[in-house]
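Notes to accompany the following structure.
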Number of protein chains: 2
Amino acid sequence: MVLTFTEENYLKSLFKISIENENQEVGTTTLAAVLGVKAATANDMLKKLKEKDLVLYEKYGKITLSIVGRTKAIEVLRKHRLWETFLYEKLEFSWDEIHAVAEQLEHIQSEKLVEQLDKFLGYPAFDPHGDPIPNQNGEMKVQFKETLSQIPMGTNCKMVGVKDNSSAFLQYVGKLGLGINVDILVVSIQDYDAMMLIEVGDQTLTISSKCSENIYVVQ
Amino acid sequence: MVLTFTEENYLKSLFKISIENENQEVGTTTLAAVLGVKAATANDMLKKLKEKDLVLYEKYGKITLSIVGRTKAIEVLRKHRLWETFLYEKLEFSWDEIHAVAEQLEHIQSEKLVEQLDKFLGYPAFDPHGDPIPNQNGEMKVQFKETLSQIPMGTNCKMVGVKDNSSAFLQYVGKLGLGINVDILVVSIQDYDAMMLIEVGDQTLTISSKCSENIYVVQ
DNA sequence: TTAAACTGTTAGACTAGTCTAAGAAAGTTA
DNA sequence: TAACTTTCTTAGACTAGTCTAACAGTTTAA
């Protein structure tokens, strides 16, 4: 079954919401906000997706992906992350530029293209933002990770990803000298506003809680 | 000005018709046939393209691309041929598989993507079918070429391209052992039906006029 | 426990791209 | 040049995806 770009985007958003907000119930309004459309529009589309058995949904109830819907969403996510990796590793795109272009490339329909791209890139398990890339069977490596804001004073850790994928955040973080696999030492944390003093290489940086909450690390 | 996929396809088809049938006038019916839509549909779209100053067109008159329309068409063609080259050279796609996927990839909007892809491929001048790839300024190398059917008996030549890009033709030609840069000796030509006896490597092949008319060669 | 606030649904309208059916213009040929 | 054929255009309809405006259901909190 071939889906339209729009249908794929709805499924992808539903999947992303479900993994980001674990057990939070997803409603029309949330979904609409994520997709940048009006609630009425999302409601219409949900009816169509239900008709095609891609979501489970009853009037005024919560929205869940069906098995097929979930599979489709993971396929799109796989393509998105493979393309991001390609753009970053092969075409000299920067961290903050890859997302927008991958949003377009993720809808290209060709199984061979996906598999050959995966092979060409050496079967990467994580994309340039540290997010896991689903394999051909839809399985993803789960990496235990915490946000930098959860790391206690005096502890060393290594950056493995970001929560916020916005261009603005990525540009800022990159400018600070942070990035995947960068070692970080938490020097001190302000009681009042959770501002953090961290050491990265030979530099000392002060970062806000908003920032440290959006950086994933492992100890 | 960002165009829709459909608009891009109309411009691309108009451009391709204009280079294939040099001074032949293009009408609604021809265009519609090339795009696989009905004449009424093509007519509607032509009105829109005219409104946007992408084509020159008067009721019951012939259709011509405007400067802007032509530029847009060449951009799409550039992307198409670069992607074909990428699929063939980097992702192990075969000759006959690349076109269909490139039809999708050619609509991705990102100037940086096109330029980086071109660089990554080493600024190729011709795609895997032997067709010239427009450079960033829209200029294409013109290679003097004839169809194999025009080569006289006893002459050596080299294959440089194909006229028919269909999967069926490419599969057939490939199976015969023909391909870009393959040397061909025209052994004999039947008077009656222009069937050709040719030597390729150590093989002798018999090919129809339909086939020899769709193969481009240089002497 | 009921009023206010929020969330979800429906109805009606719009655009892009397509179609069919019918009619108008142009070209061809006897 | 009149009749026929072909090509082109118009009118009206349909689907996908979107919107606004209004109404319905659910939740919250006074």
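These numbers were taken from a predicted model, which means no experiment stands behind them. Residue numbers start from 1 in every chain, and the chains themselves are labelled A, B, ... in the order their sequence lines are given, proteins ahead of strands.
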Is [X] touching bases, backbone alone, or none of the nucleic acid, heavy atoms closer than 4.0 Å?
| X | answer |
| --- | --- |
| B:Lys62 | nothing |
| B:Thr6 | sugar-phosphate |
| A:Phe5 | nothing |
| B:Thr28 | sugar-phosphate |

To the nearest Å, how far apart are [X] [atom1] and [N] [atom2]?
| X | N | atom1 | atom2 | value |
| --- | --- | --- | --- | --- |
| B:Lys38 | D:dT10 | NZ | C1' | 17 Å |
| A:Tyr57 | C:dG8 | OH | P | 7 Å |
| B:Asp44 | D:dA13 | CG | P | 15 Å |
| B:Asn43 | D:dC8 | CG | C1' | 6 Å |
| B:Met45 | D:dT10 | CE | P | 16 Å |
| A:Lys48 | D:dT18 | NZ | C1' | 9 Å |
| B:Glu58 | C:dA25 | CD | P | 16 Å |
| A:Leu46 | C:dT9 | CG | P | 8 Å |

Between [options], which one does the side chain of [X] approach most closely?
| X | options | answer |
| --- | --- | --- |
| B:Lys47 | D:dT10, C:dT18, D:dC19 | D:dT10 |
| B:Thr29 | D:dA16, C:dT20, D:dC8 | D:dC8 |
| B:Tyr60 | D:dC8, C:dA21, C:dT10 | D:dC8 |

Report yes or no: is the cationic atom of [X] (NZ for Lys, CZ for Arg) closer than 6.0 Å to the six-membered ring centre of [Y], at no more than 45° off its axis?
| X | Y | result |
| --- | --- | --- |
| A:Lys145 | A:Tyr216 | yes |
| A:Lys90 | A:Phe120 | yes |
| A:Lys112 | B:Phe93 | yes |

Under 3.5 Å, is there a donor on one side chain and an acceptor on the other for B:Gln136 and B:Glu75? no
Report yes if at least one side-chain N or O of B:Tyr10 is closer than 4.0 Å to OP1 or OP2 of C:dA16; otherwise report no. no
If only side-chain N and O atoms of B:Lys59 are considered, is one of them under 4.0 Å from the OP1 or OP2 phosphate oxygen of C:dA24? no
Kindly say whether the aromatic ring centers of B:Phe86 and A:Phe86 come within a distance under 6.0 Å. yes
Can you work out whether A:Ala40 or A:Glu7 has the more 5'-proximal nearest nucleotide on DNA chain D? A:Glu7
